[in-house]
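None of these values were measured; they are calculated from a predicted model. A, B, ... follow the sequence lines: proteins, then strands. Residue 1 opens every chain.
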4 protein chains.
Amino acid sequence: MTKAERTRELIITKAAPLFNTKGVAGTSMNDILEVTKLAKGSLYVHFEDKEDLAHAVVDYHLERLGKTVESTLSKAASAHEKLLAYIDLFMDPVNPLLVGGCPMLNFGMESDDTDQVIRKKICLFMDNGVKMICSIIKSGKDKGEFSTDWDAKEFAVKMFATIEGGIMMSRVAGDNKTMKVIARGLKKEIEENTA
Amino acid sequence: MTKAERTRELIITKAAPLFNTKGVAGTSMNDILEVTKLAKGSLYVHFEDKEDLAHAVVDYHLERLGKTVESTLSKAASAHEKLLAYIDLFMDPVNPLLVGGCPMLNFGMESDDTDQVIRKKICLFMDNGVKMICSIIKSGKDKGEFSTDWDAKEFAVKMFATIEGGIMMSRVAGDNKTMKVIARGLKKEIEENTA
Amino acid sequence: MTKAERTRELIITKAAPLFNTKGVAGTSMNDILEVTKLAKGSLYVHFEDKEDLAHAVVDYHLERLGKTVESTLSKAASAHEKLLAYIDLFMDPVNPLLVGGCPMLNFGMESDDTDQVIRKKICLFMDNGVKMICSIIKSGKDKGEFSTDWDAKEFAVKMFATIEGGIMMSRVAGDNKTMKVIARGLKKEIEENTA
Amino acid sequence: MTKAERTRELIITKAAPLFNTKGVAGTSMNDILEVTKLAKGSLYVHFEDKEDLAHAVVDYHLERLGKTVESTLSKAASAHEKLLAYIDLFMDPVNPLLVGGCPMLNFGMESDDTDQVIRKKICLFMDNGVKMICSIIKSGKDKGEFSTDWDAKEFAVKMFATIEGGIMMSRVAGDNKTMKVIARGLKKEIEENTA
DNA sequence: TATGAATGAGCCTTCATTCAT
DNA sequence: TATGAATGAAGGCTCATTCAT
């Protein structure tokens with residue numbers, strides 16, 4: 001890793017919580033200077049402009065989130081356990097995996113009408129997320145864990161949406177009550193389709 | 001309605017789509033000047049500062065949303081129909097009721113870490129939304145429309161969260177496919193609990 | 001006194017301490033609105049503009065100061081007593097006769113390069129002040145209170161300047177020590193010239 | 001001297017006459033931009049805000065004044081000559097040492113109720129000024145130039161105050177007549193105490 | 001005479017960005 | 001690669017003032 005790469009990485013990791021907490025528009029390049037303790041011009045050695053940095057930060061967040069999901073699921077023995085583990089990963093929106101909360105919600109809601117590049121990154125990531133849940137269910141069906149007439153696609157979409165909606169509601173409420181109700185409901189539905 | 005009230009209303013209604021689309025941080029007072037065609041100082045005759053205006057705009061959005069829901073539901077004959085009508089109301093996130101999309105998602109996600117006043121406004125509004133769905137289900141049970149062992153609270157929370165998550169996903173995707181899958185799933189569950 | 005005259009008077013008396021404390025440039029028309037509890041336009045019914053009001057306020061201050069001096073001196077029996085009474089009048093700059101301190105210093109120092117009307121008002125007032133002290137000394141000489149070879153003009157100027165300088169120093173210091181030293185010195189010189 | 005230091009110095013020296021002439025409240029950052037020919041943001045590279053710049057400007061004025069006094073007095077051979085030289089330094093308030101007049105009067109009278117930092121800077125400077133005069137007299141006594149029963153402290157305070165008051169009066173009058181009377185008086189008193 | 005909504009110039013300051021070093 | 005001084009557009013807001021009511 002060259003020095004340039006290390007500095008670039010430093011900027012991204014320090015900027016990430018800021019962008020995810022205050023939004024892209026709400027975060028100034030100065031805010032980032034402050035937390036990185038870098039000099040004024042240094043940011044522009046590594047990033048073309050604020051937009052460029054914002055895109056890198058979104059990538060970073062999604063990558064971290066993706067890796068966390070992946071590593072968690074890899075530890076689960078069965079498809080059934082994988083689904084439960086996935087849900088548990090998002091059970092505590094008040095103390096979220098990533099400072100500032102779910103980047104799909106944060107960047108998705110800020111960018112939908114303002115930054116098509118970010119919007120598409122998140123869109124792609126969510127597609128993959130749904131597909132992953134889908135394939136877990138399918139593999140569970142193959143292995144005889146789940147009833148074969150369970151609609152994998154529909155449940156995957158619903159589970160994804162419900163968790164995101166639950167995260168939003170819990171963060172706005174400032175407590176996890178909503179998330180708990182939702183987790184219970186999803187898990188019940190999983191059990192109903194478990195052979 | 002005095003002249004001042006009319007101007008205040010004008011500012012709010014013109015500013016509302018801007019704030020809901022670009023966010024509070026992403027909207028400048030100049031942007032609002034432009035759409036209202038008012039002079040520089042005039043904004044401050046009616047609002048203390050940008051924050052004050054943002055709060056009024058959030059109130060306006062939530063009020064409009066609330067009234068739309070209310071008037072739609074009032075036209076539905078039964079509890080069963082009310083639930084379906086509620087879902088249908090949010091079926092088209094790409095062409096939303098309010099320009100910019102769902103204000104709960106937009107302002108909720110921007111404010112959760114930055115503006116406690118807005119956060120609380122939305123929290124309260126969502127609480128009421130869930131309670132309303134809850135009471136529709138309960139009255140449906142009373143009238144014999146729904147099976148009595150349906151968990152009203154759980155379904156209300158889940159339905160609310162799922163719709164919000166679905167709106168987010170559809171807006172980020174730029175199409176309503178996700179929302180359709182979700183609507184189908186929710187309606188199926190309603191049918192399963194219809195006597 | 002008509003209503004208009006009463007309102008005009010109200011504005012002047014309420015604005016006076018503000019101007020004398022924060023200066024003309026440092027006082028806004030809004031500040032004055034606040035203390036008078038009048039409506040926006042009302043100020044301009046009675047005064048052409050801020051400058052016009054400032055001039056009226058300066059007049060008011062000088063008039064009040066003049067009357068206070070006059071009434072104090074009128075109670076003194078002899079020329080000798082008058083001089084001492086005059087000095088005593090300015091012995092407590094920390095708690096001054098007029099809120100904000102000596103208007104000659106305040107408005108004089110602000111206006112000398114910026115407002116010729118105010119400058120001249122104060123110049124005239126100071127001239128009269130010096131002349132008054134001068135004529136007291138002269139009448140004291142006539143009555144045999146003071147030695148006839150005392151230079152009335154020189155002492156009057158010096159006394160006036162020293163008191164003003166002492167006021168400045170005491171206000172900046174935030175205590176009256178300097179003023180006490182000065183008063184003692186002036187009184188000693190008066191005694192030295194008392195027959 | 002780095003470039004930053006040079007620019008900082010440039011700003012201070014160009015801003016100094018403006019602040020001393022029109023006051024802090026009466027001088028806008030734009031006024032300073034104009035005389036420095038710098039670009040909008042540049043001021044804030046070197047000063048936190050207007051207040052910060054104002055404080056630097058006050059320091060600059062007092063330093064210049066202090067150095068002028070010092071260098072003038074250092075050229076005087078005796079204590080007696082030093083006192084006369086000091087008085088002569090302030091004999092022409094209409095064409096003052098520093099553009100705008102005496103900074104102690106100008107900033108002192110503006111700040112006494114509004115800016116404690118400036119007030120204290122001036123208070124300290126005046127204290128030192130009085131002390132300096134005091135020590136000149138004392139050393140003059142030691143050397144046998146002045147009569148030993150002359151009250152050094154009292155005269156120092158009086159001389160300082162009288163000169164300041166005289167400056168104020170002369171500037172407001174727009175001519176130096178008052179100052180001349182005062183100088184004559186002070187010098188006479190010095191002679192009376194000269195052995 | 002009094003009101004207060006409206007005006008637009010101007011306030012201080014921050015913004016993202018550039019560039020000579 | 002890193003620096004930090006410099007830029008000027010734009011930020012939110014206040015200013016003195018006007019005018020229809």
Looking at the side chain of D:A39, which of E:dA16, E:dA6, F:dT7 is the nearest nucleotide? F:dT7

Keeping B:N20 on the side-chain end and B:V99 on the backbone end, is there a donor-acceptor pair under 3.5 Å? yes

On the nucleotide E:dA16, are OP1 or OP2 found under 4.0 Å from the side-chain N or O atoms that A:N30 carries? no

Would the distance check show the side chain of C:S42 and the main-chain N or O of C:L38 forming a donor-acceptor pair, the cut-off being under 3.5 Å? no

Judged by nearest nucleotide, the residue sitting upstream toward the 5' end of DNA chain E, D:V24 or B:L38, is B:L38

Please give, in whole Å, the distance from F:dA5 P to D:K37 NZ? 23 Å

I'd like to know if the side chain of B:D52 pairs up with that of B:H46 as donor and acceptor (distance under 3.5 Å, no hydrogens or angles considered). no

Look through every strand shown and name the nucleotide pairing with F:dA20 as Watson-Crick or G-U wobble, where both distances are under 3.5 Å. E:dT3

What is the distance, to the nearest angstrom, from the CE atom on A:M29 to the C1' atom on F:dG11? 17 Å

note: A:E34, atom CD; F:dG4, atom C1'; distance rounded to Å ~ 16 Å

Please state whether the phosphate of F:dC15, meaning OP1 or OP2, lies under 4.0 angstrom from any side-chain nitrogen or oxygen of C:S28. yes

Using 4.0 Å as the upper bound for N to carboxylate O, is an ion pair formed by B:D113 and B:R119? no

Verify the contact: side-chain N or O of B:K3 to OP1 or OP2 of E:dA5, cut-off strictly under 4.0 Å; return yes or no. no

Under-4.0 Å side-chain N/O to phosphate OP1/OP2 contact, C:S42 with E:dT1: no

Would you find more than 12 non-hydrogen atoms of other residues, nucleotides or ligands less than 6.0 Å from A:E48 atom CD? no

Short side-chain N/O contact to E:dA6 OP1/OP2 from B:H46, under 4.0 Å: yes

Where each residue is assigned the nucleotide of DNA chain E containing its nearest heavy atom, which of C:T7 and A:D49 is assigned the position nearer the 5′ end? C:T7

Looking for any heavy atom pair under 4.0 Å, which part of the strands does C:L43 touch: base, sugar-phosphate only, or nothing? nothing

Can you see if the side chain of C:Y44 gets near the phosphate of F:dT17 - specifically, an N or O under 4.0 Å from OP1 or OP2? yes

Whole Å only: how far is the CD atom of C:E51 from the P atom of F:dC15? 18 Å

What is the distance, to the nearest angstrom, from the CD atom on C:E48 to the P atom on F:dC19? 14 Å

Once you apply a heavy-atom cut-off of 4.0 Å, does B:T27 come out as touching a base, just sugar-phosphate, or nothing? sugar-phosphate

Taking A:E110 for the side chain and A:A25 for the main chain, is one N or O donor matched with an acceptor at less than 3.5 Å? yes

B:R6 CZ to E:dA6 P, straight-line distance once rounded to whole Å: 9 Å

Tell me: CD1 of D:I32 to P of F:dG8, nearest whole Å? 18 Å

Describe the nucleic acid contact of D:K40 in one word from base, sugar-phosphate, nothing, applying a heavy-atom distance below 4.0 Å. base

Whole-Å gap separating P (F:dA10) and NZ (A:K50): 15 Å

